[in-house]
Protein chains: 2
Amino acid sequence: MVQFFDARLDASFAALSDVTRRGVMERLGRADASITDLAEAFHMTLTGMRKHVGVLEQAELVTTRKVGRVRTCTLGPRRLEDETAWIERQRRLWDARFDALEQVVAERRRKEQHDGHPKRG
Amino acid sequence: MVQFFDARLDASFAALSDVTRRGVMERLGRADASITDLAEAFHMTLTGMRKHVGVLEQAELVTTRKVGRVRTCTLGPRRLEDETAWIERQRRLWDARFDALEQVVAERRRKEQHDGHPKRG
DNA sequence: GTAATACTAAACCACATGGTTCAGTTTTTC
DNA sequence: GAAAAACTGAACCATGTGGTTTAGTATTAC
């Protein structure tokens, strides 16, 4: 189960680590687009863009369907929930640690006041 | 300026796209650690772990300082703010589009009710 | 039916990544 | 001062990435 989420996060963070792919996501956020549309918008060959879209599909950030000769790309169905969750979890861990450190510092300060301010260390 | 943020996001999402590096960040969220500590924890050579830490440093997610012969790793000054911001922006774009779509659907439904439910299409 | 459009598939390229080993250097310990 | 510990740097390896070209197929337009 853990490995499952790990692989998912691997894929989606990797997908997001390319400026072109982030650009594609932003564009699809405004409107669906064909591979040709995207290739032109990002000054790239069809084949090149198809690969980027493939990466986004595998990360389940984009879905596509082919009607006739044109393949249309859409956002979703996932909405970066897992990625946000990971980041939030990390942030909480971090906050907890800082809170703990702060308490230590406060304790030390209290003690120093009591003992009469040792110079340092 | 845009390129600056782009490069930063490239680096940090790429850094997060590896399960070992995410693991390192979680561990550092609990306590600082030396390269040796981390290498042992993740069953890897010192050299291998040093590279991962280097990637996290370049993404400014982790900072390190060397005292004597040991290099200690700490979570970096950045707290994934830019990454969260990008994701949030994306989510807003998306929501806006869905809202617009929903309105179209609602409008169509209203019209269908008025015209007396055409079978389909 | 011919031509243009939209994509697909395969091969290729240079370079990055995730590891390793091996041979140092610097610090610490005894 | 010798040995051990902690790291560093370089070289190597297999595989992945971000592109390209080239040649093909399927669909649409005229």
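Letters A, B, ... are given to chains in the order of the sequence lines, protein chains preceding strands, and every chain is numbered from 1.
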Among D37(B), L38(B), D32(B), the one residue meeting side chain to side chain contact (heavy atoms under 4.5 Å, CB included) with S34(B): D37(B)

Heavy atoms only, 4.0 Å cut-off, all strands: where does K51(B) land among base, sugar-phosphate and nothing? base

Spacing of CG belonging to L56(B) relative to CZ belonging to R22(B), to within rounding of 0.5 Å: 11.0 Å

M25(A) side chain reached by L93(B) side chain, heavy atoms, under 4.5 Å: no

Atom pair distance, as rounded to whole Å: CE in M44(B) and C1' in dT20(C): 11 Å

Across nucleotides 22-30 of chain C, 5' to 3', mark each nucleotide with B, S or - according to how protein heavy atoms within less than 4.0 Å reach it. B----BS--

If only atom types and distance count, is the side chain of R21(B) paired as donor or acceptor with the main-chain N or O of A14(B) below 3.5 Å? yes

When you check the gap from the basic side-chain N to the acidic O, do E81(A) and R91(B) get nearer than 4.0 Å? no

What is the ring orientation for F13(B) with F13(A), classed by angle as parallel under 30°, tilted 30 to 60°, or perpendicular over 60°? parallel

Give, for atom OG1 of T84(A) and atom CD1 of I87(B), the distance between the pair rounded to the nearest 0.5 Å. 4.5 Å

In whole angstrom, what separates M49(B)'s CE from dT21(C)'s P? 15 Å

Which atom names give the shortest non-hydrogen contact between I35(A) and R50(A), and what distance separates them? CD1-CD, 3.6 Å

Do any side-chain nitrogens or oxygens of H52(B) fall under 4.0 Å of OP1 or OP2 in dT17(C)? no

For R78(B), is there an ion pair with E83(B) - N to carboxylate O distance below 4.0 angstrom? yes

Round to the nearest Å and state the distance from R50(A) atom CZ to dT8(C) atom P. 5 Å

Please say whether more than 12 non-hydrogen atoms of neighbouring residues, nucleotides or ligands are located less than 6.0 Å from CD in Q58(B). no

Straight-line distance of L61(B) CG to L75(B) CG, nearest 0.5 Å: 8.5 Å

Here the residues of residues 17-41 of chain B within 4.0 Å heavy-atom distance, strictly under, of DNA chain D are S34(B), I35(B), T36(B)

Provide the start and end nucleotides, 5' to 3', of the part of DNA chain D that has atoms under 4.0 Å from heavy atoms of chain A. dG18(D) to dT28(D)

